[in-house]
Every structure is written in C-alpha cells, then in structure tokens.
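One structure is given below, encoded as structure tokens.
In this text the structure is predicted, and so the values were computed from the model without any measurement.
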Amino acid sequence: QVQLVESGGGSVQAGGSLRLSCAAYGYTFSTIIMGWFRQAPGKEREGVAVIWTGSLSTYYGDSVKGRFTISEDAAKNTVYLQMNSLKPDDTGMYYCAASTRSMGWGRQLAPASYGYWGQGTQVNVSS
C-alpha cells in the first residue's frame with residue numbers, strides 16, 4: 001500500500017508561483033512512478049506531470065510544459081511540483097498519484113494507470 005499526502009496549494013494571482021509537495025509512505029520510493037493530476041469543476045481529471053523515481057525521468061502535459069517542473073527528494077520520499085507563470089486555467093484540485101507497476105508508453109498521463117491517490121490540494125489562480 002502507498003499512502004500519499006499532498007500540501008502546498010493556495011491562491012495566487014496570474015503570473016505567480018506555487019510549489020506542491022507529495023509525501024509517499026509505505027513503499028520503496030525509488031521503485032514507483034509518481035504523477036500530478038488536476039481537475040477543474042465539470043472537467044475530466046488531467047495528467048500534468050510524471051516522474052519515474054528510480055531514473056528521475058520526467059514527462060509533462062502539453063499545457064504545462066516550460067512552466068511546471070516535477071522533482072523529487074528521495075531522502076524525504078517526497079515529490080514536488082513547482083508551478084510558475086500560473087494562469088487562471090491552472091485552477092483546480094491537484095492530486096498526487098502513484099503506480100507501483102510499469103506502464104506502457106503513452107499511458108503515463110492517464111489516471112487509470114495509477115492505483116494510489118492523495119486527497120488533493122486546491123489551487124486557485126485569479127486574473
């Protein structure tokens with residue numbers, strides 16, 4: 001079992017920055033794939049960024065490339081999402097997710113590829 005605890009959400013004006021954190025418990029950190037997803041009211045959950053904790057490879061959704069950075073601190077079993085140049089369209093509930101299984105290429109931003117989810121943290125970006 002993997003338990004995930006997110007923190008760091010809040011409200012910011014457009015152009016500002018926020019950093020989200022996700023602490024993982026209950027599994028060997030370097031063997032899991034961790035992702036950040038977001039969901040706005042009335043919209044489907046969207047994959048934002050993924051990191052393979054063993055290799056440190058990363059992957060981003062098109063809407064956040066160049067603005068968001070996913071990283072990890074293995075000593076703290078924690079993954080971060082640094083969000084810069086925030087836009088009102090970035091508003092939503094942000095969820096951390098983990099997979100203990102490998103996934104096919106092209107599936108890394110699909111919510112169904114992840115079996116463990118955090119409780120979510122709200123991000124509000126005002127114009």
Test ring-ring contact (aromatic ring centres under 6.0 Å, His included) applied to [X] - qualifying residues, sequence neighbours left out:
| X | answer |
| --- | --- |
| Y116 | none |
| W117 | F37 |
| Y95 | none |

So do the side chains of [X] and [Y] get within less than 4.5 Å of each other, counting heavy atoms only?
| X | Y | answer |
| --- | --- | --- |
| L20 | V123 | yes |
| S113 | S99 | no |
| V48 | Y60 | no |
| I70 | Y80 | no |
| Q39 | E44 | no |

Taking the side chain from [X] and the backbone from [Y], do they hold a donor-acceptor pair closer than 3.5 Å?
| X | Y | result |
| --- | --- | --- |
| Q82 | F68 | no |
| Q119 | V5 | no |
| T121 | G9 | yes |

Kindly write out the residues that satisfy salt bridge (Lys or Arg N to Asp or Glu O under 4.0 Å) with R67, not counting sequence neighbours, or none if the list is empty.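 Residues passing salt bridge (Lys or Arg N to Asp or Glu O under 4.0 Å) with R67: D90.
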Can you sort out the partners of K43 under salt bridge (Lys or Arg N to Asp or Glu O under 4.0 Å), two or more places apart, ordered by chain and number?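 So K43 forms no salt bridge (Lys or Arg N to Asp or Glu O under 4.0 Å) with any residue.
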Distance check, rounded to the nearest 0.5 Å: [X] atom [atom1] versus [Y] atom [atom2]?
| X | Y | atom1 | atom2 | answer |
| --- | --- | --- | --- | --- |
| I33 | R101 | CD1 | CZ | 11.5 Å |
| Y94 | E46 | OH | CD | 7.5 Å |
| W52 | S102 | CH2 | OG | 11.0 Å |
| E72 | C22 | CD | SG | 11.5 Å |
| M103 | L109 | CE | CG | 9.5 Å |
| T53 | M34 | OG1 | CE | 8.0 Å |

If every non-hydrogen atom of [X] is compared with every non-hydrogen atom of [Y], which pair is closest and at what distance?
| X | Y | result |
| --- | --- | --- |
| Y114 | A98 | CD2-C, 3.6 Å |
| S127 | P88 | CB-CG, 3.9 Å |
| C96 | E6 | N-OE2, 2.6 Å |
| G10 | L18 | O-CD1, 3.9 Å |

Do L81 and V2 sit in the same hydrophobic cluster, where Ile, Leu, Val, Met, Phe, Trp and Tyr count as joined when their side-chain heavy atoms come under 4.5 Å apart?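 Yes; tracing contacts between hydrophobic side chains, which count when under 4.5 Å, links both residues.
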Please check if Y59 and L56 belong to a single hydrophobic cluster, counting links between Ile, Leu, Val, Met, Phe, Trp and Tyr side chain heavy atoms closer than 4.5 Å.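 No.
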Which side chain to side chain donor-acceptor pair (under 3.5 Å) pairs, counting each pair once, include a residue from residues 10-27, with sequence neighbours left out?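 Every pair satisfying side chain to side chain donor-acceptor pair (under 3.5 Å) with a residue in residues 10-27: S17-N84.
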Exactly one of V50, I51, V64, V79 should register a side-chain contact (heavy atoms from CB on, under 4.5 Å) with W36. Which one does?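 Of V50, I51, V64, V79, side-chain contact (heavy atoms from CB on, under 4.5 Å) with W36 is met by V79 alone.
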Do T91 and Q122 get their side chains close enough for a donor-acceptor pair, meaning under 3.5 Å?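 Side chains of T91 and Q122: no pair found under 3.5 Å.
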